[in-house]
Enquirer: 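Before we start, here is the structure in question, set down as structure tokens.
Because the structure is a prediction, the values reported are computed rather than measured. The figures that follow rest on heavy atoms only: side chains count, while hydrogens, waters and symmetry mates do not. Just so you know, residue 1 is the first one in the sequence shown, and it goes up from there.
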Amino acid sequence: MKKVGFFRSIHFKFVLIYVLLIFVAMQIIGVYFVGELEENLVGNFTKSIKGHVNLLTYSIGEEMEKERGEEDPTLEEAIDAILKDRDNSSNDISEVQVIDTRSRRVIGTSAQGNQDIVGKKTTEVLIKNTLTFGKEDSDIFRDKGRRLWVLSTPVEANGKVIGAVYVIAEMENIFEQMDEINSIFMTGTAIALVITAILGILLARTITRPMSDMRKQALVMAKGNFSRKVRVYGDDEIGQLAVTFNNLTKKLQESQSSTEGERRKLSSVLANMTDGVISTDRRGRVNLINEPAAQLLNVSSETVMNQPIIEVLGLEEEYKFEDLLEERESIILDYSKKNRPFVLRGNFSVIQKETGFVNGLITVLHDITEQEKIESERREFVANVSHELRTPLTTMRSYLEALAEGAWKDEEIAPSFLSVTQNETERMIRLVNDLLQLSKMDSKDYRLKTGWVNFNKFYDHIIDRFEMTKNDDITFKRDLPKEAYFVDIDEDKITQVLYNVISNSLKYSPEGGQVTFRVRASDGFIIVSITDQGVGIPKNVIDKIFDRFYRVDKARARNLGGTGLGLAIAKEMVVAHGGKIWAESVDGKGTTVFFTLPYEQEEEDDWS
């Protein structure tokens with residue numbers, strides 16, 4: 001019999017588990033205590049600062065509302081005097097700034113070395129949020145390795161925000177105290193672990209000797225020899241275990257012969273099933289897996305034996321084994337990769353005795369990849385139809401509202417509005433007809449109805465439509481060449497591309513922003529671009545914005561009515577024309593979307 005190594009022995013494991021239990025308990029206590037203490041210290045710190053700020057805000061508000069005569073000090077002088085009086089009110093406050101709402105300029109600061117910011121516009125985001133929304137805002141950041149807490153509080157008068165107080169406070173002392181407390185806990189934990197290890201060694205010695213005998217007996221039983229008996233050392237629990245072990249040996253010998261035949265029958269049934277089957281013991285560890293299940297999960301039977309089933313199925317983050325025992329509905333297992341969809345449905349059945357004792361779990365796996373693919377294509381089809389119909393309906397509503405408000409009386413404008421409405425109606429009819437046809441074919445198969453178009457006039461006409469619906473605070477800049485660029489395109493499809501891209505630019509343009517439209521010719525293509533001055537897109541996700549349903553800011557996109565399909569549809573249509581589409585962005589400054597269309601320069605004279 002092979003001797004068990006020290007690090008694999010139950011002696012070592014007993015001590016290790018004992019030490020780990022104490023260690024985990026100490027850590028849980030420490031984490032809870034330190035967390036609560038830190039929360040309490042930080043809460044007292046912020047409460048103290050806010051108390052000083054509230055008094056300061058009240059004094060500043062009175063000065064800002066006060067009517068001043070020629071002999072009275074200026075507002076800046078009065079604010080400076082207040083800040084000097086309050087300079088020592090809290091040792092933790094390193095600087096206080098006062099900002100006026102109307103000009104958004106700093107009118108006073110308590111920091112003598114930072115007086116040059118007085119009179120300048122503030123650039124702090126917290127202050128801007130406070131002035132805009134009238135709400136208190138705070139944040140924590142690091143400055144040269146030290147943590148600072150900043151607070152922006154509105155100054156209100158008669159229900160209106162007339163200014164803001166911006167406070168910078170040192171809070172490094174709190175975290176230094178926490179470091180000292182953590183050090184004390186670590187020292188106490190180390191001492192407790194040493195004592196625990198010594199006690200564990202002494203306790204383990206009383207168990208390892210009879211357990212060693214039982215191990216020898218188990219090895220003999222594994223070879224089919226049930227004649228050997230375990231030596232009984234006493235009448236305690238381990239002695240009773242030895243007696244029970246001997247009784248078990250006798251009963252196993254009797255049941256072995258009867259179960260062997262049933263096992264062969266079960267193995268034959270499982271081997272010939274087309275569905276995957278996995279069986280577990282009562283602890284949730286795999287004790288049987290047939291070949292179809294191993295193939296579906298792309299594993300070998302040997303590697304998954306005795307492994308937790310939640311790990312084999314990849315459910316350890318969402319489920320526990322106890323959850324699977326109570327699961328009455330099937331679970332969808334998505335193992336899809338980038339270019340290879342693969343979805344399974346798992347049905348679970350509990351192996352249970354008549355007494356209610358749970359012996360294990362049976363899992364049956366079905367491959368439903370094709371079903372999910374069909375369902376996904378159906379959902380995608382419905383979403384695309386809804387998105388494509390929305391744009392012309394919006395345009396029609398805008399023109400009809402203008403007519404209803406009196407534009408029909410203008411003999412010059414009314415015919416134009418009615419013409420656009422009629423054109424959009426006809427385009428929707430064509431679009432519906434195309435979608436009905438596409439529903440019988442591959443959804444990615446575009447049938448283009450192309451014709452030669454003067455793109456500059458076409459582009460200018462699309463921009464004119466958006467001039468009617470855009471907000472007055474957004475301006476358009478057109479940088480279009482005078483020469484005509486004739487391209488062979490499907491006008492409906494390229495109209496949809498421009499509508500989708502321009503709509504996104506308008507959605508994310510700030511107040512007073514500008515949207516720029518350009519067209520250039522280069523290497524057999526025209527390059528069309530739309531530039532906004534919005535919040536921009538991070539570099540690490542800019543390549544994903546053309547994926548279906550992808551949104552950079554999901555919450556904001558939903559509020560604006562976006563579905564995440566507009567740019568994906570635009571990409572499909574541009575690629576169908578033989579062009580490509582991409583985006584460039586500077587975070588915080590804006591985004592430019594480019595797309596190209598084939599352009600044959602030598603044919604320009606035929607269309608001049």
Enquirer: Applying side-chain hydrogen bond (donor to acceptor under 3.5 Å, both in side chains), can you list everything that pairs with Asp80, at least two apart in sequence or on another chain?
Expert: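 So Asp80 forms a side-chain hydrogen bond (donor to acceptor under 3.5 Å, both in side chains) with Lys84.
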Enquirer: Using only atom types and a distance under 3.5 Å, with no angle test, would you say the side chain of Ser152 pairs donor to acceptor with the backbone of Thr130?
Expert: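 Answer holds: no.
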Enquirer: Classify the side-chain pair Gln496/Asn500 by whether it contains a donor and acceptor separated by less than 3.5 Å.
Expert: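 Distance-only check passes for Gln496 and Asn500.
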Enquirer: Would you say the side-chain atoms of Ser336 pair up with the backbone N or O of Pro341, donor to acceptor, closer than 3.5 Å?
Expert: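 The answer is no, because no donor-acceptor pair under 3.5 Å joins these two groups.
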Enquirer: Got a sec, which residues hit salt bridge (charged side-chain N to carboxylate O under 4.0 Å, His left out) with Arg104, two or more places apart in sequence or on another chain?
Expert: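 Salt bridge (charged side-chain N to carboxylate O under 4.0 Å, His left out) check on Arg104 returns nothing, list empty.
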Enquirer: For a side-chain contact (heavy atoms from CB on, under 4.5 Å) with Leu597, tell me which candidate from Phe455, Phe525, Tyr485 qualifies.
Expert: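 Of the listed options, the one satisfying the test is Phe455.
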Enquirer: Which pairs count as salt bridge (charged side-chain N to carboxylate O under 4.0 Å, His left out) when at least one residue sits in residues 167-178, sequence neighbours excluded?
Expert: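 Salt bridge (charged side-chain N to carboxylate O under 4.0 Å, His left out) check on residues 167-178 returns Arg146-Glu170, Arg147-Glu172.
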Enquirer: Residues two or more places apart in sequence or in another chain: which of them pass side chain to side chain contact (heavy atoms under 4.5 Å, CB included) with Asp473?
Expert: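 If we apply the side chain to side chain contact (heavy atoms under 4.5 Å, CB included) test to Asp473, skipping adjacent residues, the hits are Asn471, Glu511.
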Enquirer: Flag yes if more than 12 heavy atoms outside Trp582 fall under 6.0 Å of its CH2 atom; otherwise flag no.
Expert: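 It does: Trp582 CH2 has more than 12 such atoms within range.
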Enquirer: Using modelled atom types only, decide if a donor and an acceptor are shared between the side chain of Ser503 and the backbone of Tyr499 within a distance under 3.5 Å.
Expert: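 Checked: pair present.
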Enquirer: List the residues meeting side-chain hydrogen bond (donor to acceptor under 3.5 Å, both in side chains) with Asp137, not counting sequence neighbours, and say none if there are none.
Expert: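 With neighbours one apart ignored, the set is empty.
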Enquirer: Look only at the side chain of Thr132 and the backbone of Lys128, and say whether a donor-acceptor pair between them is shorter than 3.5 Å.
Expert: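 The answer is yes, because a donor-acceptor pair under 3.5 Å joins these two groups.
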Enquirer: Going by the rule salt bridge (charged side-chain N to carboxylate O under 4.0 Å, His left out), which residues pair with Lys539 if we only count those two or more places apart in sequence or in a different chain?
Expert: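 Lys539: no salt bridge (charged side-chain N to carboxylate O under 4.0 Å, His left out) contacts found.
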Enquirer: Would you tabulate the side-chain donor-acceptor contacts of residues 19-33 under 3.5 Å, counting partners in other chains and residues two or more places apart, or write 'none'?
Expert:
none

Enquirer: Counting only N and O atoms by type, is there a donor-acceptor contact under 3.5 Å from the side chain of Asn456 to the main-chain atoms of Pro481?
Expert: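 Yes; judged by distance alone, with no hydrogens or angles, the pair exists.
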Enquirer: Taking side-chain hydrogen bond (donor to acceptor under 3.5 Å, both in side chains) as the definition, give me every residue that meets it alongside Lys320, ordered by chain and number, with sequence neighbours left out.
Expert: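 Partners of Lys320 under the side-chain hydrogen bond (donor to acceptor under 3.5 Å, both in side chains) test: none.
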Enquirer: Residues in salt bridge (charged side-chain N to carboxylate O under 4.0 Å, His left out) with Glu95, at least two apart?
Expert: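 Scan of Glu95 (salt bridge (charged side-chain N to carboxylate O under 4.0 Å, His left out), adjacent residues dropped) gives none.
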Enquirer: If the condition is side-chain hydrogen bond (donor to acceptor under 3.5 Å, both in side chains), which residues does Thr531 pass it with, not counting sequence neighbours?
Expert: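 So Thr531 forms a side-chain hydrogen bond (donor to acceptor under 3.5 Å, both in side chains) with Thr592.
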Enquirer: Please name all residues satisfying side chain to side chain contact (heavy atoms under 4.5 Å, CB included) with Glu311, sequence neighbours left out, ordered by chain then number.
Expert: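 Glu311 satisfies side chain to side chain contact (heavy atoms under 4.5 Å, CB included) with Gln307, Pro308, Glu316 only.
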Enquirer: Got a sec, which residues hit salt bridge (charged side-chain N to carboxylate O under 4.0 Å, His left out) with Asp460, two or more places apart in sequence or on another chain?
Expert: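 Salt bridge (charged side-chain N to carboxylate O under 4.0 Å, His left out) list for Asp460, sorted by chain: Arg478.
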Enquirer: Can you tell me how far the OG atom of Ser110 sits from the CD atom of Gln115, to the nearest 0.5 Å?
Expert: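 Going from the OG atom of Ser110 to the CD atom of Gln115 covers 8.5 Å.
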Enquirer: For the residue pair Phe517 and Phe476, is the inter-centroid distance of their aromatic rings smaller than 6.0 Å?
Expert: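 Yes, close enough.
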Enquirer: Parallel, tilted or perpendicular: which describes the rings of Phe342 and Tyr335, with under 30° parallel and over 60° perpendicular?
Expert: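 Answer is tilted, since the angle falls between 30° and 60°.
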Enquirer: Out of Asp116, Val98, Ile117, Ile127, which one pairs with Val106 under the side-chain contact (heavy atoms from CB on, under 4.5 Å) rule?
Expert: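 Option passing the side-chain contact (heavy atoms from CB on, under 4.5 Å) with Val106: Ile117.
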